[in-house]
Every structure is written in C-alpha cells, then in structure tokens.
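Below is one structure; the comments refer to it alone.
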Amino acid sequence: MNKISSTTLIGGAVVVAMAVGLYLGVAKRGLPPEGLGMGLWRKIKRKKKPLRVYMDGCFDMMHYGHCNALRQARAVGDQLVVGVVSDAEIIANKGPPVTPMHERMIMVKAVKWVDEVISDAPYAITEDFMKKLFDEYKMDYIIHGDDPCVLPDGTDAYAVAKKAGRFKQIKRTEGISSTDIVGRMLLCVRERSVSDSHNHSSLQRQFSHGHSQKFEDGGSGSRSGTRVSHFLPTSRRIVQFSNGKGPGPNAHIVYIDGAFDLFHAGHVEILRVARELGDFLLVGTHNDQTISAKRGTHRPIMNLHERSLSVLACRYVDEVIIGAPWEVSKDMITTFNISLVVHGTVAESSDFQKF
C-alpha cells in the first residue's frame with residue numbers, strides 16, 4: 001500500500017512538473033497555454049507586468065491642454081513616464097522656451113497622472129533613445145498627440161517609433177497652446193493703451209470670453225495671429241480631471257483660494273505646502289469678474305474654467321470650488337467643514353482677514 005501511494009505521489013509530481021514546464025515554455029513564446037483564451041492570457045500577463053507608456057514634450061508655459069494629453073496617455077497604459085525636453089533641444093528645434101527646465105520639471109511632476117519623469121529628453125525619438133526607452137525604462141509604447149511634430153529638416157520626430165510599431169496616438173486638446181497664451185498676453189499689453197475708453201466690466205467680458213473688437217474688425221491683432229480664449233467647458237471634462245472622492249468623516253480640511261492665472265511652479269509649491277497641513281486640500285478659484293476688479297481689466301489671461309482645470313490636474317489638490325467667493329465667510333467654513341484657511345506670504349489685498 002505504501003509503495004502504491006509513493007508511486008502515485010511521484011507520478012503526480014512528475015505530471016505537475018511537466019505541466020508547469022509546458023506552461024512556462026509556452027509563456028516564453030508569448031502564447032497562451034492550451035485551453036486558455038488569448039484575452040484572459042493578456043490579463044494574466046498584464047498583472048505580471050504593468051503596461052508602461054512614454055510621452056515627451058516641451059511643456060513650456062504648461063496649461064490644461066498639456067494636462068489633458070498626459071491624462072489621455074496615462075489611460076493607455078498602467079504607468080506613464082514623461083520626458084521633458086531640454087532647453088538646448090527646444091532652442092535647436094523651436095526657439096528659446098519661456099519657462100526654464102527646472103520649472104518645467106516641477107510642473108510635470110505635479111500632474112497627478114504622471115508616474116515618472118525623465119529630464120533632458122531629446123526633441124526627436126532616435127534609434128538610440130528608443131532602445132534606451134525599451135531596454136532601460138521597459139517602455140511598451142511611445143505616445144504623442146495627433147498634431148504633426150516636424151523637425152527643422154522636415155522629417156517626422158516620431159518616425160522611428162512609428163516604423164517600429166510602438167507608437168500610439170492621442171487626440172490633441174483644441175483651443176489652447178503655449179503660443180496661444182503668449183498671444184493673449186501680447187493682446188493684454190496692446191489693449192492697455194485703450195483701456196480708459198472702455199467700460200471696466202465690458203472690457204473684461206470681451207477679453208475672457210473671446211471677443212475683441214479690434215481683432216474681429218481685422219485690426220493689428222489679426223495680423224499678428226494672436227487671439228483670446230474660446231474655451232467651452234463641459235461637465236465631462238471637469239469630471240475627467242476630478243478625483244471623484246470627498247474628504248473622510250474626520251478629515252482635516254485645508255482651504256486656499258486664489259486666481260491661479262497662468263498656473264506655474266510657484267502655484268504648485270504653495271499647493272504642496274498647503275496639502276501637507278491637513279488631509280484634504282480644497283482650493284477656491286475666483287471668477288473672472290472678481291479678478292478683473294481686483295487686479296485690472298486685462299486680467300485674468302486664462303478664464304475661470306481653464307484655470308480650474310489646471311488646478312484640478314495638480315496632484316496636491318483634492319477638490320476645487322469653481323468661482324469661489326473673494327471673502328471666506330463663516331457659513332462657507334461650516335458648509336465645507338474647513339479646518340484651516342491658509343494663504344501665501346503675499347496677500348491678494350490689504351483687507352485680508354484671518355479666520
């Protein structure tokens with residue numbers, strides 16, 4: 001009886017070993033074991049190895065369009081690695097950047113969909129750099145928007161990745177670009193000379209909502225190619241950028257508000273520090289009319305929803321009040337269960353009150 005049991009055990013072990021060997025042998029070739037569907041096999045492989053995707057860019061004067069591109073790229077895979085193009089490469093291919101490298105790095109690292117960042121990335125994907133991405137960084141795909149990226153010699157910056165079959169394309173966010181923002185800033189300066197002849201609220205509405213009589217009549221602005229915002233917010237886009245989670249029952253809620261116009265590295269730093277003061281960071285973005293009244297008729301450069309999306313994309317922010325009131329009232333503190341109200345070292349005005 002003992003001999004039969006021993007034989008059965010040994011035989012069973014041999015069968016199991018053969019099955020495991022067969023499984024591993026098939027797995028090495030990338031094929032599913034017999035009886036296992038390709039769909040299920042891919043899910044099993046995905047659990048063993050996360051799908052890593054790479055996206056690069058200049059990210060100069062970073063805005064919500066950049067953030068939306070990174071959000072889409074992250075949705076393609078499980079981990080998003082972002083390459084920030086060096087100052088030297090940008091100068092060689094496009095001209096000098098407005099924002100220096102270290103600030104662009106801060107901005108990209110602060111985006112909540114980014115897992116890793118590579119500094120001083122090349123402007124174009126070369127054979128050597130692509131090999132480094134695949135071998136050293138274990139990338140599966142290289143991603144870029146559907147807008148063409150052409151080098152000074154007329155060639156495609158992503159031709160190598162496309163030829164290798166490791167390129168995926170996402171949709172570009174229309175209505176915004178770094179060049180567009182510079183155009184808005186130039187418009188702001190240009191129209192200051194005529195601000196006295198405009199009604200305060202009227203001029204603010206024209207600027208924030210994309211109407212400028214001088215531009216629409218074909219004046220000097222139309223020749224320069226600059227324009228103002230025609231951004232139309234949708235509930236879906238706001239949901240895409242939101243965390244979708246509220247504070248816990250005993251959360252220490254920190255509140256900070258501001259314009260957050262032309263969202264930059266300084267904004268990121270103050271939001272990071274504010275988030276460390278509690279468990280949940282609630283950020284208020286003031287509406288266009290309030291900012292215009294407090295800072296001048298030509299502000300803000302970015303309208304309310306554009307500014308709110310940039311804030312929402314920041315990894316330190318949990319929730320945003322869109323169109324927050326200028327004054328923080330006791331009712332507001334009670335409604336949102338705010339534990340602490342904070343502000344930067346430079347107050348928006350001299351009538352700021354501490355609570």
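Residue numbers start at 1 and run along the sequence shown. Below, all heavy atoms of this structure are taken into account, side chains as well, without hydrogens, waters or symmetry copies.
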**Request:** Take L262 and R307 through the test side chain to side chain contact (heavy atoms under 4.5 Å, CB included) and record every step on the way to the result.
**Result:** CA-CA 7 Å; L262 297 173; R307 293 181 284 111; over 6 Å; no
**Message:** Do D257 and H286 make a side-chain contact, defined as non-hydrogen atoms from C-beta onward lying under 4.5 Å apart?
**Reply:** yes
**Asked** Mind checking whether H267 and H264 have parallel, tilted or perpendicular rings, split at 30° and 60°?
**Response** parallel
**Asked** Which value, rounded to the nearest 0.5 Å, describes the distance between I338 atom CD1 and I333 atom CD1?
**Response** 6.0 Å
**Message:** In the structure I gave you, are the side-chain heavy atoms of I256 and I270 within less than 4.5 Å of one another anywhere?
**Reply:** yes
**Check ion pair E276-R272 (N to O, under 4.0 angstrom)** = yes
**Request:** Please name the pair of heavy atoms, one in G284 and one in A324, separated by the smallest distance, quoted to 0.1 Å.
**Result:** CA-CB, 3.6 Å
**Request:** Go through E116 and K109 one step at a time and tell me if the salt bridge (charged side-chain N to carboxylate O under 4.0 Å, His left out) criterion holds.
**Result:** CA-CA 8 Å; E116 299 173 34; K109 287 179 179 178; over 6 Å; no
**Message:** Quick check on K94: does its NZ atom have over 12 non-hydrogen neighbours (other residues, nucleotides or ligands) under 6.0 Å away?
**Reply:** no
**Message:** Whether the side chain of T335 engages the backbone of D331 through a donor-acceptor N/O pair (distance < 3.5 Å, no angle test) should be reported.
**Reply:** yes
**Request:** Identify the two heavy atoms, one from A124 and one from E89, that lie closest to each other, and give their separation to 0.1 Å.
**Result:** N-OE1, 4.4 Å
**Item:** K294 side chain vs Q289 backbone, donor-acceptor pair below 3.5 Å
**Value:** no
**Request:** Check whether any side-chain heavy atom of W113 lies under 4.5 Å from a side-chain heavy atom of F241, and answer yes or no.
**Result:** yes
**Request:** Would you check if the side chain of Q72 reaches a backbone N or O of K171 as a donor-acceptor pair within less than 3.5 Å?
**Result:** yes
**Item:** Name of the residue among R52, K168, K49, Q79 meeting side chain to side chain donor-acceptor pair (under 3.5 Å) with D140
**Value:** K49
**Message:** Could you measure the distance from the CG atom of L80 to the CZ atom of R71? Nearest 0.5 Å is fine.
**Reply:** 12.0 Å
**Item:** Candidate pair T285 and S308, rule side chain to side chain contact (heavy atoms under 4.5 Å, CB included), full reasoning
**Value:** CA-CA 6 Å; T285 53; S308 296; 3.0 Å; yes
**Request:** Name the orientation class of the two ring planes belonging to H66 and F59 (parallel below 30°, tilted from 30 to 60°, perpendicular beyond 60°).
**Result:** perpendicular
**Flag side-chain contact, heavy atom, 4.5 Å: L70 against R74** = no
**Prompt:** In Å and rounded to the nearest 0.5 Å, what is the CG to CG distance from L282 to N337?
**Reply:** 10.5 Å
**Asked** Is there side-chain contact between D279 and I253, with at least one heavy-atom pair below 4.5 Å?
**Response** no
**Message:** Run L271 and L281 through side chain to side chain contact (heavy atoms under 4.5 Å, CB included) and show every step you take.
**Reply:** CA-CA 8 Å; L271 292 175; L281 182 59; 4.1 Å; yes
**Residue among M105, M62, M107, R104 satisfying side-chain contact (heavy atoms from CB on, under 4.5 Å) with T99** = R104
**Asked** Distance-only, no hydrogens or angles: does the D120 side chain make a donor-acceptor pair with backbone N or O of D87 under 3.5 Å?
**Response** no
**Request:** State whether F134 and R166 meet the cation-pi test: NZ (Lys) or CZ (Arg) under 6.0 Å from the six-membered ring centroid, and within 45° of the perpendicular axis.
**Result:** yes
**Non-hydrogen side-chain atoms of L309 and R237 separated by less than 4.5 Å** = yes
**Asked** Are V108 and V76 in one and the same hydrophobic cluster, where Ile, Leu, Val, Met, Phe, Trp and Tyr link if side-chain heavy atoms are under 4.5 Å apart?
**Response** yes
**Electrostatic pair D128:K132 at N-O distance under 4.0 angstrom** = no
**Request:** Spell out, as yes or no, whether a donor-acceptor pair under 3.5 Å connects the side chain of D261 to the backbone of P300.
**Result:** no
**Message:** For Y316 versus R275, what's the shortest heavy-atom pair and its separation?
**Reply:** O-CD, 3.2 Å
**Item:** Atom of P97, atom of D60 and distance for their closest heavy-atom approach
**Value:** CA-OD2, 3.3 Å
**Request:** First locate atom CD of Q240, then atom CG of L312, and finally report the distance between them rounded to the nearest 0.5 Å.
**Result:** 11.5 Å
**Asked** Of the non-hydrogen atoms in V254 and A274, which two are nearest, and what is the gap between them?
**Response** CG1-O, 3.7 Å
**Request:** To the nearest 0.5 Å, tell me how far F129 CZ sits from Y54 OH.
**Result:** 3.5 Å
**Side-chain touch M61/V182, heavy atoms, less than 4.5 angstrom** = yes
**Request:** State whether R184 and E306 are salt-bridged, where the test is any N-O pair (Lys NZ or Arg NE/NH1/NH2 against Asp/Glu carboxylate O) under 4.0 Å.
**Result:** yes
**Request:** Drop me the distance from Y123's OH to I91's CD1, to the nearest 0.5 angstrom.
**Result:** 13.0 Å
**Request:** Taking the side chain as every heavy atom from C-beta outward, state whether F167 and H144 have any atom pair closer than 4.5 Å.
**Result:** yes
**Prompt:** Short question: side chain of D56, backbone of V84 - any donor-acceptor pair under 3.5 Å?
**Reply:** no
**Request:** Quick one: closest heavy-atom pair of S242 and K112, and the distance?
**Result:** C-NZ, 3.8 Å
**salt bridge (charged side-chain N to carboxylate O under 4.0 Å, His left out) between D318 and K245, worked out** = CA-CA 8 Å; D318 295 293; K245 295 180 181 179; over 6 Å; no
**Prompt:** Is there a donor-acceptor contact under 3.5 Å from the side chain of S310 to the main chain of F263?
**Reply:** no
